[in-house]
Amino acid sequence: MKASCFHLSTLKETPVDAEIVSHQLMLRAGLIRRLASGIYSWMPLGLRVLRKVENIVREEMDKSGGLELLMPSVQPAELWQESGRWDQFGPELLRLQDRHQRNYCLGPTHEEVIVDIFRRDIKSYKQLPVNFYQIQTKFRDEIRPRFGVMRSREFIMKDAYSFHASQESLQQTYDLMYQTYSNIFDRFGLAYRAVSADSGSIGGSTSHEFHVLADSGEDAIAFSDQSDYAANVEMAVAIPPQTERDQPGAAMEIIDTSGLYTIEDLTDKLDADIKKCLKTLIVDSDDDGLVALVLRGDHELNPVKTEKLLRVASPLRMAEREKIKRVLGSDIGSLGPVGLGITTYVDSSAGFVRDFICGANINDKHYINANWGRDCEEPTIADIRSVQEGDPSPDGQGSLKILRGIEVGHIFQLGQKYSETMQATVLDVNGKSVVTSMGCYGIGVTRVVAAAIEQNNDERGIFWPDSLAPFQLAICPLNYNKSEQVKHAADKLYADCLQRGIEVLLDDRPLRPGVMFSDMELIGVPHRIVLSDRGLNADLFEYKGRRDENSQDLALTNLPDFLNQLFSQECVRD
Ligand code: ATP
Ligand code: MG
């Protein structure tokens, strides 16, 4: 490709509304352009990267026996009513009507459609297992679209759906997809982790997320420093202390704490250990009442674990201040478990503290030296906090470290959630009708591009892993439009590269070298060759890898060998 014929539209300035580096660089490098909130066009340069991602995904899915199909984006409401999700999905589902006032939605996912295809087409266990996949546009009316294509409203997903006559068969395909995803992310050349995950609203029990590791990631991942254990912090189990609680000490006393509103105020003023200060949070119950949650002052509430508890409203909702005051008689800053009188869950770590400090349920009053079993009831223990760095790993091996990640893939065992409600059945060996089990497997194709940049950038721009780069090599001739010698050499090298199947970008634009180089660095071409009169007169060319500190001058006679070395492996693989 010649740069003069390719619409390279790089920007010097960082766009003001782009918060994270991948979004900034995608706009600056001209990979995407915004059309509306959370809706982007893929420009020619960006599309080249997107296609690389898609091709790797497609090749590995095909290798695993997946069957590609393509389902419509527009889906009839009847199917969603049948699965029950027309009502459940809420405002993320973009609904529309046709000219006959029939209801449709823009597909945020395709379980309903694939089940409909399956039940019409597949009748016998002999046709199972089967794994259909597509690479297709989804629409989710995200409440907060942000970070460009990282969390957009329209995006491309690879989604696969498998059907099985038995749980064993589902487990086999799930394991195969786990391996296929590992192969895909290995080929992307990105640092990633597979973690066990909460399966969220889609349902099912076994699920893993694949995260590209990056400091800006929205998710926190906990993993053991001594074993394979890795889980989304949303899901990671906090292990209770493995000892007995110590006996109570001094008698409980009530003290005045006016003007102290936070745990920090309290620990400062009383010179107390934060681990001995218990905080009490109040959430709505599922029957219009309130539920109390008690945690150690240094711990954070985990909404995903908590909303699964009996009586707690799901999704978790903090109770309104007025309602708390009305029912419990004091403001938020003075609450505590002693004599509270409502359902109370105590985090397992908080349940082990003796001689604790807590609100007295009277404004501006706290208790000190309060004790479970003596001053209030024995606690109802639950795992309601998020794990922290240094906590013991739930598998008993090592302690936890926390990293941030970007969720780029997700695999679920759905079981019979959809196949039961929507009657995806087959006839078994005895001619008896059995409900199939399903798995589903997603990769955020457009998000992968942003995640790759988030992990691979510097102050000058993007550095793509070789497998995702829009071009592998940039030829930068100096004075291409003025020097016959340079033009001749550059054209010859360009033709040679094309012949070898190297994806090459010849920068034939009449630009100053600095501008040309910074463009190539910004868009992240992994390899650059510079040809100049001075170099050619000395039989030299200049080479610089995108991540190299310095360039090197090499003998022109060695150029063919050099290209062989640089690209032989990639060409064979791609
Ligand atoms: P998230 O928690 O990030 O909203 P999700 O659990 O809703 O993701 P899935 O329904 O499992 O996501 O979708 C599969 C994949 O699609 C995700 O792993 C992610 O990579 C991608 N994805 C989901 N929502 C978006 C979005 N709004 N923009 C871009 N990619 C997305
Ligand atoms: Mg989502």
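These numbers come from a predicted model, not from an experiment. Start at 1 and go down the list; that is how both ligands and their atoms are numbered. Because only heavy atoms are used, hydrogens play no part in the values below, and waters and symmetry mates are left out as well, while side chains stay in.
A heavy-atom separation below 4.0 Å is not found between Arg153 and ligand 1.
Under the 6.0 Å cut-off for aromatic ring centres, Tyr178 and His208 qualify, their centroids lying closer than that. The ring of Tyr229 has its center no closer than 6.0 angstrom to the ring center of Phe223.
Residue contacts with ligand 1, taken as heavy atom pairs separated by less than 4.0 Å, involve Glu142 solely via side-chain atoms from C-beta onward.
Of all atoms in ligand 1, listed by their number and element, those nearer than 4.0 Å to a heavy atom of Val149 are 29 (C). When each atom of ligand 1 is checked for a heavy atom of Val408 under 4.0 Å away, the hits are 18 (O), 20 (O).
Aromatic ring pairs are classed by plane angle as parallel below 30°, tilted from 30° to 60° and perpendicular above 60°; the pair His23 and Tyr40 is perpendicular.
For ligand 1, the polar-atom distance check against Arg140 finds a nitrogen or oxygen pair separated by under 3.5 Å. Backbone and side-chain nitrogen or oxygen atoms of Glu407 are examined, and one is located within less than 3.5 angstrom of a nitrogen or oxygen of ligand 1.
Using a 3.5 Å distance cut-off with no hydrogens or angles, the side chains of Tyr181 and Asp186 do not pair a donor with an acceptor. Side-chain N/O atoms of Asn232 and Glu209 include a donor and acceptor closer than 3.5 Å. Between the side chains of Thr10 and Asp519, at least one donor N or O sits under 3.5 Å from an acceptor N or O.
In this structure, of Gly409, Gly444, Cys440, the residue bringing a heavy atom nearest to atom 21 (C) of ligand 1 is Gly444.
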